[in-house]
Protein chains: 2
Amino acid sequence: MKRSIAGGEPCVQSCADCTVRPRSICAALDQDELRQLEQLGHRLQYRSNEPVFNQEEIVTSCYNVLEGVMRLYKLLPDGRRQIVSFALPGDFLGISTTDRYAISADAVGPVVVCRFVKTLFSRFAEDRPNLLRRINEFATRELSEAQEQMVLLGRRSAEEKVACFLVKWRERLAQIDTATAITPLPMSRQDIADYLGLTIETVSRTFTKLERDGVIEIVQGGIRVADAARAEALAAA
Amino acid sequence: MKRSIAGGEPCVQSCADCTVRPRSICAALDQDELRQLEQLGHRLQYRSNEPVFNQEEIVTSCYNVLEGVMRLYKLLPDGRRQIVSFALPGDFLGISTTDRYAISADAVGPVVVCRFVKTLFSRFAEDRPNLLRRINEFATRELSEAQEQMVLLGRRSAEEKVACFLVKWRERLAQIDTATAITPLPMSRQDIADYLGLTIETVSRTFTKLERDGVIEIVQGGIRVADAARAEALAAA
DNA sequence: CGGGCGATTGACGGTCATCAAGCTGTGTGG
DNA sequence: CCACACAGCTTGATGACCGTCAATCGCCCG
């Protein structure tokens, strides 16, 4: 009996040593507010592929991602899946104001989140313009990214999709970690396919083609961008 | 010299007789706030196909749509276009917090908007939690719609895309107008194609197929849904 | 009536999905 | 230590769906 009903395992720690705070919504809070919000948040960890919440469920919580990668997706009744986003440390899940989750979320690898009870969080935020503005920023940035993704899904070829994904993924990681020579891809080929509106076979073939063309190098658990200029040309905004 | 630099023609009127207020962000305001905001807003009209703002331009304004339909889209350097949304009366444009528009917007048919200078609007909103929460609601609803659209673009067939579009468009109009027997489609086939990630030919063929199958009837300037059940089955959420 | 634009229809081909087989690396058990 | 199984990935063969190119239609308006 290791898991609570909501899934995830508790794990103690405090805001004081929260590494993602500067990039999270919490950056909008002053010392006093931070102490108050700390009372409301609890850390949880999830194992690889463990679900965090599901489309259609009643919204009970919202989350700050602290560590790891999550996939956010929607399913069609027949099982077709579209990943709408990968969430990284600093991202906030559960902004939505409706009473049911619009998407499902699960852990790609091991994940640590800071969980808030939605009603308490909302009450905390409702009369704090600084936090509301911060949440606005997050929402509009997400919206803008969603619009970018719509262009990709609707108007780009398979090769452009893959190149675009790799370039943007690399940029996102660069904003978090110290940039590394190889770009890790913790998600499966199937995840990438479902993110790009392709099949796993097409993703695989396109990776191979990009490698043959000298644009990337496929390594264990990730890729190395061999020709950044060419990669960005393919991803041409 | 009929147009100001920003485009659009001024046209006087007041919040008192604003028909979209209950569905717009302004519904969050009390009488006093409404009077203040009225000082900041100015009505403008745009003609068919007139641009309202463009991707990459410095953000100077935000808008409430009062009448008409607008297309919101992104362009790739080579001219490929993806329409990310059609805006209807009550929608708010320019939520974005960045300094440049992420998308372009223009009038599909004649359009009336209520324009605010962005800096003044932001100053007005910044310490009003009621308005900020309302804007949050709008942003998250838009995000949710964007996610729906990603599923459509990435995972649905041409026929599903068209059926889905027609069903949702009809629902949106129903929330505004009194529902009519025929559903007007003010946008061109090209617009629909660019919204669904298809070509104009495929859209046209799919319309014809849906008509042959008795699902819809194509009429001047719109369609009539002949078999709502079948249409919704094709659009199956 | 004729020009022009948007929409429709047709013929054809390419891109990517589908189906299927083979590969690679990792963990397991003898 | 090696055989085996399994899962994820890659590769190949084939074909469907939808894009491309082109012609025609229908309608509006001068």
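In what follows, chains carry the letters A, B, and so on, assigned in the order in which the sequence lines appear, proteins first and then strands, with residues in each chain numbered from 1.
Counting distance only, with no hydrogens placed and no angle test, the side-chain atoms of B:Glu201 and the base atoms of D:dC21 include a donor-acceptor pair under 3.5 Å.
Mapping heavy-atom proximity under 4.0 Å, the span of DNA chain C touched by chain B runs 5' to 3' from C:dA7 to C:dA11.
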Applying salt bridge (charged side-chain N to carboxylate O under 4.0 Å, His left out) to B:Lys168 and B:Glu145, what does each step give before you reach the verdict? CA-CA 11 Å; B:Lys168 286 210 187 134; B:Glu145 281 161 11; over 6 Å; no
Checking side-chain contact (heavy atoms from CB on, under 4.5 Å) for the pair A:Gln149/A:Val84: CA distance, chi angles, key distance, verdict? CA-CA 8 Å; A:Gln149 190 68 2; A:Val84 298; over 6 Å; no
Determine, stepwise, if the pair B:Ser61 / B:Arg115 fulfils side-chain hydrogen bond (donor to acceptor under 3.5 Å, both in side chains). CA-CA 7 Å; B:Ser61 311; B:Arg115 174 180 179 273; 2.8 Å; yes
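Atom CD1 of A:Ile200 and atom P of D:dT11 are 13 Å apart (whole Å). Atom-to-atom, CZ of A:Arg189 to P of D:dT11 comes out at 10 Å; the value is rounded to the nearest Å. As rounded to whole Å, 15 Å separates atom C1' of D:dT10 from atom CG of A:Leu210. Rounded to whole Å, atom P of D:dC9 lies 11 Å from atom CE of A:Met187. Regarding B:Glu160, its CD atom lies at a distance of 9 Å from the P atom of D:dC18, rounded to whole Å. Going from atom CZ of B:Arg80 over to atom C1' of D:dT20 covers 15 Å, rounded to whole Å.
Remark: B:Arg205 engages no residue in a salt bridge (charged side-chain N to carboxylate O under 4.0 Å, His left out) (not counting sequence neighbours). Partners of A:Asp106 under the side chain to side chain contact (heavy atoms under 4.5 Å, CB included) rule, at least two apart in sequence or in another chain, are A:Pro51, A:Arg71, A:Tyr73. The side chain to side chain contact (heavy atoms under 4.5 Å, CB included) search around B:Asp213 returns B:Glu159, B:Lys209, B:Val215, B:Arg230, not counting sequence neighbours.
The residue B:Thr199 sits close to a base: some heavy atom pair falls under 4.0 Å. Contacts of A:Thr208 with the nucleic acid, taken as non-hydrogen atoms under 4.0 Å apart, involve only primed sugar atoms and P, OP1 or OP2.
Salt bridge absent: B:Asp177 and B:Arg172 never bring a charged side-chain N and a carboxylate O closer than 4.0 Å.
Each of B:Glu159 and A:Arg205 has a nearest nucleotide on DNA chain D; the 5'-most of these lies closest to A:Arg205. Ranked by how close their nearest DNA chain C nucleotide is to the 5' end, A:Gly197 and B:Ser188 are led by B:Ser188.
The closest side-chain donor-acceptor pair between B:Thr140 and A:Thr97 falls under 3.5 angstrom.
In the helix from C:dC1-D:dG30 to C:dG30-D:dC1, the end axes, each obtained as the rotation axis mapping the C1' atoms of four pairs onto the next four within a five-pair block, lie 20° apart to the nearest 10 degrees.
Between A:Phe165 and A:Phe86, the two ring planes are tilted [angle within 30° to 60°].
Near DNA chain C, meaning a heavy atom under 4.0 Å from it, residues 211-224 of chain B has no residue at all.
Under a 3.5 Å cut-off, the side chain of B:Ser104 and the backbone N or O of B:Gln55 do form a donor-acceptor pair.
Each of A:Phe53, A:Phe116, A:Tyr101 was scored for a ring pair (Phe, Tyr, Trp, His ring centres under 6.0 Å) with A:Tyr63, with one residue passing: A:Phe53.
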